[in-house]
Amino acid sequence: MRQIVLDTETTGLNPRTGDRIVEVGCVEIFNRKLTGRNLHYYVNPERDSDEAALAVHGLTTEFLSDKPKFHEIAEELREFVKDAEIIIHNAPFDLGFLNHEFERIGLPPFVNHCASVIDTLVQAKELHPGKRNSLDALCDRYGISNAHRKLHGALLDSELLADVYLAMTRGQNMLSMDVEIEETGGGAQLEAVPLGDILVVSAAEDELAEHESVLAALDKGVKGECVWRKYSPQG
């Protein structure tokens, strides 16, 4: 199975009010292994970012001014994700923007080019109900370092999400609890010897008398024969 972990950064929250994509990051997984084949673009959105969005990703209008416009990267992005399973954290947000960008240049919606979509936020909520399931929280939960994540970035977040997804969906690889011991070839093997006789130490007479006294007290307490009599050799 070929999978693509994908993330975007945008100028704001709503493509229907004119917000656009400013960054796309994709990380390829094949048969549950990172291939090292990634796709990353900064995109000129042809507008300014909202202050709140700019505080998240830090991609200024000046920085993006000489970057390709979305229609210039759309075909390469389409080919990269074609027939793959797409993995996104909070998928409706990114898909809303991607579908809008594809449609505005006359292409079928983005989702039409993919085999399927996995939303890791939905998966995380099912696995960890009632807990924080942001990407940062999942990194902490699964022991994935995100110390270098000062600002959001599409490629960096895709790389972190790929590690989170693999950790979150890792099943039991071995049905046996046996531990494989490496053969070093060194040292002498111990000779097999028969087990020693089992030592049985019988209770002394005074110990037996004290035990009987305890049972008698229990009999008196229950006004009959206590349950321990059936296990007593004296009962």
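Since the structure is predicted, the reported quantities are computational estimates derived from the model, not experimental observations.
- Considering only heavy atoms from C-beta on, His100 stays 4.5 Å or farther from Arg16 through its side chain.
- Of all the heavy atoms in Gly25 and Ala154, the pair that sits closest is N-CB, 3.4 Å.
- One distance of note links CZ of Arg37 with SG of Cys26; it measures 10.0 Å at 0.5 Å rounding.
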Can you check side chain to side chain contact (heavy atoms under 4.5 Å, CB included) on Arg170 and Arg32, steps first, answer last? CA-CA 9 Å; Arg170 184 174 295 125; Arg32 293 189 56 79; 4.1 Å; yes
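- Rounding to the nearest 0.5 Å places CD1 of Ile29 at 11.5 Å from CE of Met1.
- Here the straight-line distance linking atom CG of Asp157 with atom CG of Asn146 works out to 9.5 Å at 0.5 Å rounding.
- Checked by atom type, the side-chain pair Tyr41/Glu76 shows a donor-acceptor distance below 3.5 Å.
- Looking at heavy atoms from C-beta onward, Thr10 lies in side-chain contact with Phe93 at the 4.5 angstrom threshold.
- For the 3.5 Å distance criterion, the side chains of Glu79 and His113 fail to qualify, holding no donor opposite an acceptor.
- The nearest pair of heavy atoms linking Asp7 to Ser158 is N-OG, 3.2 Å.
- Side-chain contact check for Val56 versus Glu9: some heavy-atom pair is nearer than 4.5 Å.
- Of the possible donor and acceptor atoms, one in the side chain of Asp119 sits under 3.5 Å from a partner among the backbone N and O of Ala91.
- Both Ile118 and Leu166 are part of a single hydrophobic cluster, where members link through side-chain heavy atoms under 4.5 Å apart.
- In this structure, Arg2 forms a cation-pi arrangement with Phe80, its terminal cationic atom sitting closer than 6.0 Å to the ring centre and no more than 45° off the ring axis.
- Side chains of Asp19 and Thr11: a donor on one and an acceptor on the other come within 3.5 Å.
- Two residues are said to be in side-chain contact when any heavy atoms from C-beta on lie closer than 4.5 Å; Lys67 and Val43 fail this criterion.
- Residues Asn44 and Phe70 fail the side-chain proximity criterion, which asks for heavy atoms closer than 4.5 Å.
- Counting all heavy atoms, side chain and backbone alike, Phe63 lies closest to Asp66 at O-OD1, 3.3 Å.
- The hydrophobic clustering, which links ILVMFWY residues whose side-chain heavy atoms are closer than 4.5 Å, places Leu138 and Leu121 apart.
- Under the 4.5 Å side-chain heavy-atom criterion for Ile, Leu, Val, Met, Phe, Trp and Tyr, Ile87 and Leu34 are members of the same hydrophobic cluster.
- Residue-environment remark: CZ (Arg47) exceeds the threshold of 12 foreign heavy atoms within 6.0 Å.
- With a 4.5 Å cut-off on side-chain heavy atoms, Gln123 and Thr169 count as touching.
- Ile88 and Leu13 fall within the same hydrophobic cluster, defined by Ile, Leu, Val, Met, Phe, Trp and Tyr side-chain heavy atoms under 4.5 Å apart, directly or through other members.
- Annotation: the span from Glu126 atom CD to Met168 atom CE amounts to 9.5 Å, rounded to 0.5 Å.
- At a cut-off of 3.5 Å, with distance as the only test, a side-chain donor of Asn133 or Arg141 sits close to an acceptor on the other residue.
- With respect to Glu46 and Arg20, a salt bridge is recorded, a charged nitrogen being found less than 4.0 Å from a carboxylate O.
- Residues Ala167 and Tyr142 come closest through the heavy atom pair CB-CD2, 3.9 Å.
- Between the CG atom in Asp163 and the SG atom in Cys139 there is a gap of 8.0 Å [rounded to 0.5 Å].
- Between Ile21 and Pro45 the shortest heavy-atom distance is O-CB, 3.9 Å.
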Between Phe102 and Leu77, is a side chain to side chain contact (heavy atoms under 4.5 Å, CB included) present by the stated rule, with each step listed? CA-CA 10 Å; Phe102 270 60; Leu77 176 60; 4.0 Å; yes
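- Considering only heavy atoms from C-beta on, Ile4 stays 4.5 Å or farther from Val27 through its side chain.
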Report the C-alpha distance between Glu23 and His40 in whole Å, list the side-chain angles of each, state the deciding distance to 0.1 Å, and finish with yes or no for side-chain hydrogen bond (donor to acceptor under 3.5 Å, both in side chains). CA-CA 8 Å; Glu23 186 183 7; His40 178 237; 2.7 Å; yes
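- For the residue pair Asp94/Thr8, the side-chain donor-acceptor check at 3.5 Å is satisfied.
- His89 contributes atom NE2, which lies 5.0 Å from atom OG1 of Thr120 (distance to the nearest 0.5 angstrom).
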Could you walk me through whether Tyr165 and Gln3 pass the side chain to side chain contact (heavy atoms under 4.5 Å, CB included) test, one step at a time? CA-CA 11 Å; Tyr165 171 77; Gln3 298 172 302; 3.1 Å; yes
Hey, mind stepping through Ser49 and Val22 against side chain to side chain contact (heavy atoms under 4.5 Å, CB included) and telling me if it holds? CA-CA 9 Å; Ser49 290; Val22 298; 4.2 Å; yes
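- Side-chain atoms of Asn99 come within 3.5 Å of backbone atoms of Leu95 as a donor-acceptor pair (strictly under, hydrogens ignored).
- The minimum heavy-atom distance linking Leu54 with Leu59 is given by the pair CD1-O, 3.4 Å.
- In this structure, the side chains of Leu6 and Leu161 stay at 4.5 Å or more apart for every pair of heavy atoms.
- Cluster annotation: Phe30 is not connected to Val5 through the hydrophobic network of ILVMFWY side chains, with a link wherever side-chain heavy atoms come within less than 4.5 Å.
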